[in-house]
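Here is the naming used below: chain letters follow the sequence lines, and residue numbers restart at 1 for every chain. Since the model is a prediction, treat every value here as computed from it, not as a measurement.
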Amino acid sequence: MPQPYWDAMSGAAKDLAEGFGYLRIETPTFEATELFVRAVGEASDIVSKEMFTFKDRGDRSLTLRPEGTAPIVRAYFDAGMQLEPQPVRLYYLGPYFRSERPQRGRFHEFRQFGIEAIGDPSPLLDVEAIVLGWSWFGALDTGGIHLLLNSIGDEVCRPAYRELLRDYYRPHLAELSGESRMRFEKNPLRLFDSKEPQDQELKLKAPRIVDHLCQPCAEAFQAVREGLSAEAIPFTLNPELVRGLDYYTRTVFEYQHESLGGAQNALGGGGRYDGLAAALGYRTTPGVGFAIGLDRTAMVLRERKPLAPPVPDVWALAVDPKDELYVFHLAGTLRARGLRVVVDPGAARLDAKLRKAAKRGARVALLVGPEEREKGEAVVRDMRLKTQVSVAEREVVPTVTQALSAG
RNA sequence: GUGGCUUUAGCUCAGCUGGUUAGAGCAUCAGAUUGUGGAUCUGAGGGUCGAGGGUUCAAAUCCCUCAAGCCACCCCA
């Protein structure tokens, strides 16, 4: 990933997250395999076919982290953060690994920016997470982001709905694709993820979870929608959005980008996971967060507006290598003023060095030859106007800054 | 995990049915009246031909395995 994009994305992430009171956390790159199996779910795609798993010398099974939420919940308890004022707000930037067949926008190693707010069930935190992610895309000026929203209920209303869904599909089992028949058994909600043509029609008439939420879930969902509306964030309700990870409850959302075709259009997603802590064997603790793919966002940024690498303000060079140290010293005084100064070393010809200065886009060239050195001067050349003046050493800094501010 | 394709210089690629020192463009560097620029011209450097094995007198070229990547699925970031 080109550095300028990484800098822009991580910088915006840090500014925004810290602006909302989130603190940075880094967790290990790999964890006990069991952590992900229990968190993400046995039947999920991640666990069933996408993990980089290996054995250590003690024959323990370890896995390169395929996602960030489970390790952070683990760290939350291991570090005793449940004793801090709740919710605990954390953000992270780092590499993740999935062993899927790679293709455009999907890599074995990819980078994510994510946040988690753990320890408080308030729907305001759902709103906060969504707003934070939305603002991040806004700060980067990606444009074209669509927010998809849904609620998938909780342990109170989802089991009943799951049976309702099974009742609906049961008479049609024979018509379903093989994959979907598997999901019917293991995780009926994910029947909605199917894009198989023969499953489409059935999906349309299937009962929708939003119509079967229990009272608390319905109220929470209502509060999230009102919060987003109050913040003037446009969203699309999508009853088919169920997400691939088992730990989600209630609010789920996804950021999609219109320019990315087909299946790789998801730039990020998240939701509430009030059951995750318990699934990991800790005390039941609510949480909400999102993860955004930085590699994919970089693809969008690159298409939208190519970023140029930083350009030096001053290109400093000596005609004779004997004067290099003098030039190096002058460059230092300019850097002390906050300028970006490149010293061109060696005995190359003057025109060659100026050619490099021009190619790198330097606004000003600082030249010193034997004559200037003798008189304690330096030539300040405006690369754009192609004009230059010879000034005394003490005049170098003001002359250069003036040339830079001229245009 | 399924199907198809790709991998040759820093980058983009050529290299026909296996044959000697593997090429081009761009980029880099150097020269073109020895202190003044992004153009032009000339020249130079740069490659374990993705990795490993096999067939053959001979492999970038044929076969196998693996890896990375691309496209479409599946699904996700």
* Asked: Does a donor on one side chain sit under 3.5 Å from an acceptor on the other, for A/E377 and A/S390?
  -> yes

* Distance between C1' atoms of B/G46 and B/A51 (Å, rounded) -> 22 Å

* **B/A30 to B/G38 separation - P atoms, rounded to the nearest Å** => 13 Å

* Compute both the distance and the angle, then confirm whether A/R363 meets the cation-pi test with A/W315: under 6.0 Å from the six-membered ring centre, within 45 degrees of the axis. => no

* To do: Kindly say if A/H108 contacts the phosphate of B/G69, meaning a side-chain N or O under 4.0 Å from OP1 or OP2.
  => yes

* Structure fact -> Rounded to whole Å, the CG-P distance (A/L367 to B/G35) equals 12 Å

* Asked: When rounded to the nearest Å, what value does the distance between C1' atoms of B/G50 and B/C70 take?
  -> 15 Å

* **Pair A/R190 + A/D193, salt bridge at N-O below 4.0 Å** => yes

* Asked: Would you say the ring centroid of A/Y282 lies under 6.0 angstrom from that of A/F77?
  -> yes

* Asked: Who does B/U61 pair with, Watson-Crick or G-U, both distances under 3.5 Å?
  -> none

* Asked: Is there a side-chain hydrogen bond (donor to acceptor under 3.5 Å, both in side chains) between A/Y92 and A/E116 once you walk through the steps?
  -> CA-CA 9 Å; A/Y92 56 95; A/E116 313 291 349; 3.2 Å; yes

* Do A/D351 and A/R355 meet the salt-bridge criterion of a basic N to acidic O distance under 4.0 Å? -> yes

Give me the distances for all protein-to-nucleotides 26-29 of chain B N/O pairs that come in under 3.5 Å?
{"from": "B/U28", "atom 1": "OP1", "to": "A/K359", "atom 2": "NZ", "distance (Å)": "3.1"}
{"from": "B/U28", "atom 1": "OP2", "to": "A/K359", "atom 2": "NZ", "distance (Å)": "2.9"}

* To do: Just do the salt bridge (charged side-chain N to carboxylate O under 4.0 Å, His left out) check on A/D382 and A/R384 with the steps written out, would you?
  => CA-CA 5 Å; A/D382 187 313; A/R384 247 183 242 171; 6.0 Å; no

* Can you tell me the Watson-Crick or wobble partner of B/G3, both distances under 3.5 angstrom? -> B/C71

* Asked: A/E371 has a side chain; which of B/A77, B/G35, B/A30 sits nearest to it?
  -> B/G35

* To do: Evaluate the side-chain contact (heavy atoms from CB on, under 4.5 Å) criterion for residues A/M51 and A/F36: first the C-alpha distance (whole Å), next the side-chain angles of each, then the deciding distance (0.1 Å), finally the verdict.
  => CA-CA 9 Å; A/M51 295 203 302; A/F36 299 113; 3.8 Å; yes

* To do: Quick one: label A/E372 by what it contacts on the DNA or RNA (base, sugar-phosphate, nothing), any heavy atom closer than 4.0 Å.
  => base

* Asked: So what does A/Q388 touch, heavy atoms closer than 4.0 Å: a base, only the sugar-phosphate, or nothing?
  -> base

* Structure fact -> Paired to B/A44 by Watson-Crick or G-U wobble criteria (both distances under 3.5 Å) is B/U28

* Write down the partner of B/G37 under the Watson-Crick or G-U wobble criteria, each distance required to be under 3.5 Å. => none

* Nearest-Å distance once atom C1' is located in both B/C16 and B/G10 -> 29 Å

* To do: Report yes if at least one side-chain N or O of A/R349 is closer than 4.0 Å to OP1 or OP2 of B/U34; otherwise report no.
  => no

* Asked: Does A/R106 put a side-chain nitrogen or oxygen below 4.0 Å from OP1 or OP2 of B/C71?
  -> no

Can you tabulate the close N/O pairs, meaning under 3.5 Å, that link protein atoms to atoms of nucleotides 3-5 of chain B?
{"from": "B/G3", "atom 1": "O6", "to": "A/R101", "atom 2": "NH1", "distance (Å)": "3.3"}

* Considering only the P atoms, how many Å lie between B/U17 and B/G53, rounded to the nearest integer? -> 26 Å

* In whole Å, what separates the P atom of B/U7 from that of B/U12? -> 12 Å

* Could you tell me whether the side chains of A/T53 and A/T63 share a donor-acceptor contact shorter than 3.5 Å? => yes

* Could you check whether A/R360 gets within reach of a base, just the sugar-phosphate, or nothing at all, counting any heavy atom under 4.0 Å? => nothing

* Asked: What are the residues of residues 373-383 of chain A, sorted by number, that bring a heavy atom to within less than 4.0 Å of RNA chain B?
  -> A/R381, A/D382, A/M383

* Nearest-angstrom distance, C1' atom, B/C13 to B/C29 -> 23 Å

* Counting side-chain heavy atoms from CB outward, which of B/A77, B/G35, B/G37 is closest to A/R296? -> B/A77

* To do: Determine: side-chain N/O of A/Q103 to OP1/OP2 of B/G69, distance under 4.0 Å, yes or no.
  => no

* Would you say the side-chain atoms of A/Y22 and A/E128 include a donor-acceptor pair closer than 3.5 Å? -> yes

* To do: Name the nucleic acid region contacted by A/Y96, choosing base, sugar-phosphate or nothing; use a 4.0 angstrom heavy-atom cut-off, strictly under.
  => nothing

* Verdict with reasoning, A/R208 to A/E240, per side-chain contact (heavy atoms from CB on, under 4.5 Å) -> CA-CA 8 Å; A/R208 299 172 158 200; A/E240 295 180 2; over 6 Å; no

* **B/C73 to B/U28 separation - P atoms, rounded to the nearest Å** => 40 Å

* With both distances kept under 3.5 Å, what pairs with B/G23, Watson-Crick or G-U wobble? -> B/C13

* Asked: Do you know which of A/Y273, A/W134, A/F113 makes ring pair (Phe, Tyr, Trp, His ring centres under 6.0 Å) with A/F290?
  -> A/F113

* Asked: Distance under 6.0 Å and angle within 45° of the ring axis: does A/R225 meet both against A/F221?
  -> yes

* To do: Could you check how far CZ of A/F52 sits from C1' of B/A67, rounded to whole Å?
  => 11 Å

